[in-house]
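Remarks on the structure that follows.
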Amino acid sequence: MLYPKIKIEVWTDIMCPYCYIGKIHYEKALKQFAHANEVELIIKAFQLNPDLPDKGNGYPVVDYLLETAGIPEDSVNRMFTSIEAMADNVGVKFNLRNAIAANTMDAHRLIKLAAKKNLDSDILMLISKAYFEDARDYSNIELLVELGQKVGLDETEMRQMFAGDDFRKEVMQDIEEAHKLGIDTVPTFLFERQQAIIGSESVAVFLDTLNKTYENRNRKSDNNTQEKPEVRKGKSCNPDGTCEL
């Protein structure tokens, strides 16, 4: 019997470092998954703080956490130390202490444009690297165009999109869907809406979840439907922009 591809949905936001690390863990697990060619990843938008400035007017993450979010300095330092350790484990250069907090709407719109050409995963990782590793302002249109060109997007098409409201509706639909599903932290991965990983779980957990999803899909039984997905919980980021330790 031929089955449709396994659908994996991930709600993610650029300013969430666990989203970047979680995506890396997922990709590593996918390389070990025997049926990787049967998987379809659907990237969905989420905004941790839609009130942040856009168009290259972001400001230091440290200032955002201390002054806007009102998080004590010792908690910020502990959060950074925890994230740095996780980043080291996946070979990522940690630079969040110098990063810029900004509005992610235009970045999400670019990801939606890229999805039309199956380049959304590629551009997501480049934007995340620019934020997390290179401390660049991902709301800057010139940066987004530069990154889009690197994955093969047309400069004129991107600039026309940024000049208008293309894909804004689609981004808001993703966010509304997340709220309806009770998703309030990112990253949140849904595997056929039967298994869920909230946060940046280990590669082993991602691989195990992929295998379980595959087995459930191919089981010739009516008992593989369930009202709520089985959830595994790793470290994630909350709507106020804070991340778990």
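Everything numeric in this text was worked out from a predicted model, so none of it was measured.
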Mind checking whether [X] and [Y] have side chains closer than 4.5 Å, heavy atoms only?
X: L66; Y: E73; result: yes
X: R109; Y: R168; result: yes
X: L110; Y: F162; result: yes
X: M161; Y: K112; result: no
X: F206; Y: F33; result: no
X: L190; Y: W11; result: yes
X: Q32; Y: V203; result: yes
X: V145; Y: K150; result: no

Between E27 and K31, is a salt bridge (Lys or Arg N to Asp or Glu O under 4.0 Å) present by the stated rule, with each step listed?
CA-CA 6 Å; E27 295 291 350; K31 288 181 180 179; over 6 Å; no
Candidate pair R217 and I6, rule side chain to side chain contact (heavy atoms under 4.5 Å, CB included), full reasoning
CA-CA 8 Å; R217 187 194 67 168; I6 296 170; 3.6 Å; yes
Closest non-hydrogen atom pair between [X] and [Y], with its separation:
X: F80; Y: L96; result: CE2-CD2, 3.6 Å
X: Y20; Y: K129; result: OH-CB, 3.6 Å
X: A102; Y: G58; result: CB-CA, 3.9 Å
X: K5; Y: V39; result: CD-O, 4.1 Å
X: C16; Y: Y131; result: N-CE2, 4.5 Å
X: S236; Y: G199; result: CB-CA, 3.9 Å

Matching residue for I43 among D174, I8, T12 - test: side-chain contact (heavy atoms from CB on, under 4.5 Å)
T12
E155: which residues meet the salt bridge (Lys or Arg N to Asp or Glu O under 4.0 Å) condition with it, sequence neighbours left out?
R159
Linking I/L/V/M/F/W/Y whenever any side-chain heavy atoms sit under 4.5 Å apart, do [X] and [Y] land together?
X: V205; Y: I198; value: no
X: L181; Y: V171; value: no
X: I100; Y: L48; value: no
X: L41; Y: L126; value: yes
X: L52; Y: F132; value: yes

Could you grab the distance from atom [atom1] of [X] to atom [atom2] of [Y], nearest 0.5 Å is fine?
X: N57; Y: N103; atom1: CG; atom2: CG; answer: 10.5 Å
X: M105; Y: D165; atom1: CE; atom2: CG; answer: 9.5 Å
X: E84; Y: F94; atom1: CD; atom2: CZ; answer: 5.0 Å
X: N216; Y: Q195; atom1: CG; atom2: CD; answer: 6.0 Å
X: R78; Y: I71; atom1: CZ; atom2: CD1; answer: 10.5 Å

Would you please test E201 and K233 for salt bridge (Lys or Arg N to Asp or Glu O under 4.0 Å) and show each step?
CA-CA 7 Å; E201 270 288 11; K233 184 75 166 65; over 6 Å; no
Judged by modelled atom types alone, do [X] and [Y] share a side-chain donor-acceptor pair under 3.5 Å?
X: N211; Y: H35; answer: no
X: T213; Y: E192; answer: no
X: S200; Y: Y26; answer: no

For side chain to side chain contact (heavy atoms under 4.5 Å, CB included), just list the numbers for K7 and F191, CA-CA rounded to whole Å, side-chain angles, deciding distance to a tenth of an Å, and then say yes or no.
CA-CA 6 Å; K7 185 170 73 172; F191 297 71; over 6 Å; no
Is it the case that the side chain of [X] and the backbone of [Y] share a donor-acceptor pair, with hydrogens and angles ignored and the cut-off at 3.5 Å?
X: T104; Y: A107; value: no
X: S121; Y: N118; value: no
X: D134; Y: R136; value: no
X: H108; Y: F46; value: yes
X: N95; Y: E133; value: yes
X: S128; Y: I14; value: no

Atom CD of E40: over 12 foreign heavy atoms under 6.0 Å:
yes
Between L147 and V151, is the side chain to side chain contact (heavy atoms under 4.5 Å, CB included) condition met? List the steps.
CA-CA 7 Å; L147 298 178; V151 302; over 6 Å; no
Name all pairs fulfilling the salt bridge (charged side-chain N to carboxylate O under 4.0 Å, His left out) condition that reach into residues 48-64, sequence neighbours left out, sorted by first residue then second.
K55-D106
Apply side chain to side chain contact (heavy atoms under 4.5 Å, CB included) to residues M79 and K235 and explain how you reach the verdict.
CA-CA 11 Å; M79 181 175 71; K235 293 181 179 180; over 6 Å; no
